[in-house]
There are 2 protein chains.
Amino acid sequence: MINAIKLPQFEVIKQYVRGHIKSGHWPVGTRTPSENELSASFSVSRMTARRALQELAQEGLLTRAPGLGSFVAQPVAAQPTIQLYNIIALAQLEGAYSCQVLDLEQIPADAKLAHLLSFVVDQPVYRGTFVHFDRDKAVQWQEIFVNPVVAPAFLKQKFVKVAPDEYLEWIAPSDQVNSQVSAVLAKPSQRRALGLTEDTQSACLQVTRACKRHSSLVSFSTLVHPANLYQLGATS
Amino acid sequence: MINAIKLPQFEVIKQYVRGHIKSGHWPVGTRTPSENELSASFSVSRMTARRALQELAQEGLLTRAPGLGSFVAQPVAAQPTIQLYNIIALAQLEGAYSCQVLDLEQIPADAKLAHLLSFVVDQPVYRGTFVHFDRDKAVQWQEIFVNPVVAPAFLKQKFVKVAPDEYLEWIAPSDQVNSQVSAVLAKPSQRRALGLTEDTQSACLQVTRACKRHSSLVSFSTLVHPANLYQLGATS
DNA sequence: CAGTGGTCTAGACCACTGG
DNA sequence: CAGTGGTCTAGACCACTGG
């Protein structure tokens, strides 16, 4: 006996259909048996046969159309995606996170910031630069611009164990995050802050990130990671 | 009348539940009305009420457990992901793709390659290096190692308009792709191939990618992009 | 027209949970 | 024990598609 546990009937039908697709017996575009045909051949109610096809459609294996039938779908090219995992969150999980404040100030918005925030030029904006540590290793340099309307107390924070991102997520959880990844050479000030000395180490992964809430900008960050320390992984 | 089109009843219930969750009336952990309660209050069969809760659970808004009920789920932190879009595919769409072969040869597997391929050291492996162009702009340098068992004719290809990845995807579509992104300084040979001159341009995004099919390695690539030309974008 | 999938009903039996 | 969600049935009506 291969499988002693009793499979639900809809699962049996799913495996039947999946088997024909994966084995190549039903190439892309093939019409599968209809709900009625499956319910007849598996001695099952139409609702059960329907559930099988429905779930396979949801998994992307089938395309269904009223009046036409169910068809083997074009497999979508598995587009690899990268999880922009939060390095700081990881370090905090291990209890080894700390943060050093380099700057924390109020500045007048320049043209670019004003545009991002829908502000007027010279309207005050908060700015902070930080170095984040995992134990005694500097893993990330950050420059963040914060909307003072959303986080009026930002400048009064200590930011020792609580990262600025964490603080902002607490008082104004973002519902939209835009990120861009590129490669940069660390600037001298960034190299110093990150403790990079040799030239070969100064290639860095840079993430720029805009966090929005209710369509208005909460913060805009530039995050710089030494390339030799951190990579972004992706599967599938 | 706000909505003239008739909503299915399960959709009405979904919106009712969603509304209570989004408005904060039902905070995380709150038990929602049961299938029976919803079917009574909406004068609907249990299967219809069930469908509403089921779909909300699938969307991640609810957690359900037999014997216990349905509960408002902890919202998962929207983890931003990056689509590792295929630069070459984009260039090809615009009809401006071309490819230059730098090397195309058979080499004996070193220890690392042998390990990746489950080969014996010194077993032959194909290797190619390429520069990919979008119009007359070099956008990507690639080194690829190919499993000769899977793609025996790899070395005989021309690779002018058909990219090596495209060729391999054609003869052996991969079902698993692992990618790693990091930042590197372009090596002199890469700099030359990509036409990079100034030092500030030599920070590059590097993607290493292993494509597998039926659990065995098809190809292993190192892709290098000049950082000033291409960024990876992510939303949500 | 006969057939398709989409929605829906009013039942049923089940394993499971808490009190 | 009464209540929960998971599976399933045998019907129904609908809008839609093709021949």
Side-chain angles (χ1 to χ4, degrees), chain A residues 1-21 26-74, chain B residues 1-21 26-74:
Chain A
M1 224 176 301
I2 292 180
N3 209 338
I5 59 165
K6 192 197 158 203
L7 277 184
Q9 315 206 57
F10 71 87
E11 202 55 62
V12 174
I13 301 178
K14 282 178 75 172
Q15 298 210 358
Y16 167 81
V17 175
R18 235 197 299 258
H20 277 82
I21 295 176
W26 295 348
V28 172
T30 305
R31 230 200 74 177
T32 70
S34 69
E35 297 178 358
N36 287 318
E37 287 165 347
L38 285 174
S39 74
S41 50
F42 281 85
S43 301
V44 122
S45 80
R46 195 195 130 203
M47 283 296 271
T48 299
R50 172 179 179 70
R51 176 167 177 180
L53 294 180
Q54 189 93 82
E55 292 189 4
L56 290 171
Q58 200 153 17
E59 293 167 21
L61 275 168
L62 299 180
T63 302
R64 283 154 65 75
L68 293 176
S70 303
F71 303 86
V72 177
Q74 186 79 39
Chain B
M1 226 175 301
I2 291 176
N3 210 340
I5 58 164
K6 193 196 158 201
L7 277 184
Q9 314 207 59
F10 72 87
E11 201 54 63
V12 173
I13 302 179
K14 283 179 74 174
Q15 300 212 355
Y16 167 82
V17 175
R18 234 197 298 257
H20 278 82
I21 295 176
W26 295 348
V28 172
T30 305
R31 230 200 75 178
T32 70
S34 70
E35 297 179 356
N36 286 319
E37 288 164 346
L38 284 174
S39 75
S41 51
F42 281 86
S43 302
V44 125
S45 81
R46 196 195 129 204
M47 284 295 271
T48 300
R50 172 178 179 70
R51 175 165 179 182
L53 294 180
Q54 190 93 81
E55 292 190 4
L56 289 171
Q58 199 152 19
E59 293 167 21
L61 275 168
L62 300 180
T63 303
R64 282 152 67 76
L68 294 175
S70 304
F71 303 85
V72 176
Q74 186 78 40

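Proteins get letters first, then strands, A, B, ... in listed order; numbering begins at 1 in each. Only heavy atoms go into these numbers, but all of them, side chains included; no hydrogens, no water, no symmetry mates. What you are looking at is a predicted structure, and each value in this text was computed from that prediction instead of being measured.
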Please name the pair of heavy atoms, one in B/Val44 and one in B/Ala49, separated by the smallest distance, quoted to 0.1 Å. CG1-N, 3.6 Å
What's the spacing between B/Trp26 CH2 and B/Leu62 CG if we round to 0.5 Å? 8.5 Å
Stem list, DNA chain D (Watson-Crick or G-U pairing under 3.5 Å, at least 3 consecutive pairs): C:3-16 with D:3-16
Kindly indicate, with the supporting measurements, whether the criterion side chain to side chain contact (heavy atoms under 4.5 Å, CB included) is fulfilled by B/Phe71 and B/Thr32. CA-CA 6 Å; B/Phe71 303 85; B/Thr32 70; over 6 Å; no
Presence of salt bridge, A/Glu35 and A/Arg64, under 4.0 angstrom: yes
List the protein contact pattern of nucleotides 4-13 of chain C with one symbol per nucleotide (5' to 3'): B for base contact, S for sugar-phosphate-only contact, - for none; contact means a heavy-atom distance under 4.0 Å. BBBBBBB-B-
Is the shortest heavy-atom distance from the side chain of B/Leu38 to the side chain of B/Leu53 under 4.5 Å? yes
Can you list, pair by pair, the side-chain donor-acceptor contacts under 3.5 Å of residues 9-17 of chain B, counting residues two or more places apart and other chains?
unit_1	atom_1	unit_2	atom_2	d
B/Lys14	NZ	B/Glu55	OE1	2.8
B/Lys14	NZ	B/Glu59	OE2	2.9

Gap between atom CG of A/Leu56 and atom OG1 of A/Thr63 - 0.5 Å precision: 11.5 Å
